[in-house]
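Right, one structure below, let's go through it.
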Amino acid sequence: MACHMRYLILFLVLSTSVLAQTPDAPPCSQIVKDVGPCLSFLTDGGEPTKECCAGITEIANYAKSKKDRVAICNCLKKALAQIGSYDASRIPQLPVKCGISSGTIPPIDQNTDCSKASTLVLV
């Protein structure tokens with residue numbers, strides 16, 4: 001239940017950030033929706049669910065250019081700041097555990113410089 005509440009708070013807070021995005025950037029509200037099923041993996045460990053992996057695959061489809069990757073990184077940075085404690089070292093594990101062979105995601109926390117998000121390469 002706590003995970004669902006965190007997801008709801010996360011979604012509500014970031015829904016407003018859609019208005020501040022640049023044109024053609026991946027919609028933050030969609031990124032939040034896609035990463036929502038991964039919260040239990042990021043906070044508790046274990047294995048990502050099918051729903052989490054489907055969301056990571058969707059995020060990969062958005063990560064076409066550096067501008068897209070920076071927008072995704074900034075969105076994730078804002079979103080993850082709202083959920084409380086999580087293990088940032090689990091973020092890079094998501095593409096591997098979800099079978100996205102060419103994907104890498106840096107550990108994203110409050111100190112991540114998203115302007116250097118060229119390492120966020122999912123496809």
Side-chain angles (χ1 to χ4, degrees):
M1 172 132 161
C3 186
H4 294 294
M5 182 58 87
R6 282 188 252 173
Y7 178 65
L8 177 61
I9 291 168
L10 178 69
F11 184 77
L12 292 173
V13 168
L14 290 175
S15 293
T16 59
S17 69
V18 172
L19 299 174
Q21 284 189 285
T22 58
D24 301 323
C28 192
S29 59
Q30 186 62 47
I31 300 298
V32 170
K33 181 180 174 188
D34 290 339
V35 80
C38 301
L39 292 181
S40 62
F41 172 74
L42 296 176
T43 58
D44 303 326
E47 292 297 318
T49 63
K50 286 185 206 179
E51 293 82 5
C52 171
C53 289
I56 294 300
T57 301
E58 286 300 313
I59 292 171
N61 291 330
Y62 287 119
K64 301 296 185 201
S65 68
K66 178 170 173 116
K67 179 178 139 184
D68 296 337
R69 293 186 292 274
V70 169
I72 291 167
C73 178
N74 279 318
C75 178
L76 290 173
K77 184 176 175 180
K78 288 177 191 174
L80 292 171
Q82 300 300 316
I83 67 164
S85 180
Y86 67 95
D87 185 348
S89 70
R90 291 187 184 132
I91 296 170
Q93 297 173 26
L94 284 168
V96 174
K97 290 186 173 279
C98 291
I100 302 172
S101 60
S102 61
T104 61
I105 304 174
I108 298 172
D109 63 23
Q110 63 192 17
N111 299 314
T112 300
D113 181 355
C114 288
S115 69
K116 297 177 181 173
S118 59
T119 59
L120 180 83
V121 181
L122 294 173
V123 290

- line: Here the gap from Thr57 atom OG1 to Lys50 atom NZ, rounded to the nearest 0.5 Å, amounts to 13.5 Å
- prompt: What heavy-atom pair brings Ala88 and Ile108 nearest, and what distance separates the two atoms?
  reply: CB-O, 3.8 Å
Stepwise side chain to side chain contact (heavy atoms under 4.5 Å, CB included) check, Cys52 with Leu94: CA-CA 9 Å; Cys52 171; Leu94 284 168; 3.6 Å; yes
- prompt: Do the side chains of Tyr86 and Leu39 get nearer than 4.5 Å, heavy atoms only?
  reply: no
message: I need the minimum non-hydrogen distance between Tyr62 and Pro27, along with the two atoms involved.
response: CE2-CD, 3.8 Å
message: Closer than 3.5 angstrom, by distance alone: can the side chain of Asp68 be matched with the main-chain N or O of Ser65 as a donor-acceptor pair?
response: yes
task: First locate atom CG of Leu42, then atom OG of Ser89, and finally report the distance between them rounded to the nearest 0.5 Å.
output: 9.5 Å
- prompt: Taking all atoms of both residues into account, what is the closest heavy-atom pair of Val32 and Cys75, and its distance?
  reply: CG2-SG, 4.0 Å
For Lys77, all residues meeting side-chain hydrogen bond (donor to acceptor under 3.5 Å, both in side chains), sequence neighbours excluded: none
- request: Using the side chain to side chain contact (heavy atoms under 4.5 Å, CB included) rule, take Val35 and Leu80 through it: C-alpha gap first, then chi angles, then the decisive distance, then the call.
  value: CA-CA 10 Å; Val35 80; Leu80 292 171; 5.6 Å; no
query: So how far is it from Cys28 SG to Lys33 NZ, rounded to the nearest 0.5 Å?
result: 14.0 Å
statement: Value for CG (Leu76) from CD1 (Ile31), rounded to nearest 0.5 Å, stands at 6.5 Å
field: Where Pro95 and Pro92 come nearest, the two heavy atoms and their spacing
entry: CD-O, 3.4 Å
task: For Phe41 and Glu47, work out which heavy atoms get closest and say how close.
output: CD1-C, 3.9 Å
- prompt: Between OG1 of Thr49 and NZ of Lys97, what distance do you get to the nearest 0.5 Å?
  reply: 12.5 Å
- prompt: Just how far is it from atom CZ of Arg69 to atom OG of Ser115, taken to the nearest 0.5 Å?
  reply: 13.0 Å
Side chains of Cys38 and Ile56 in contact at under 4.5 Å (non-hydrogen atoms): yes
task: Would you indicate whether the side-chain heavy atoms of Pro107 and Thr112 approach each other to under 4.5 Å?
output: no
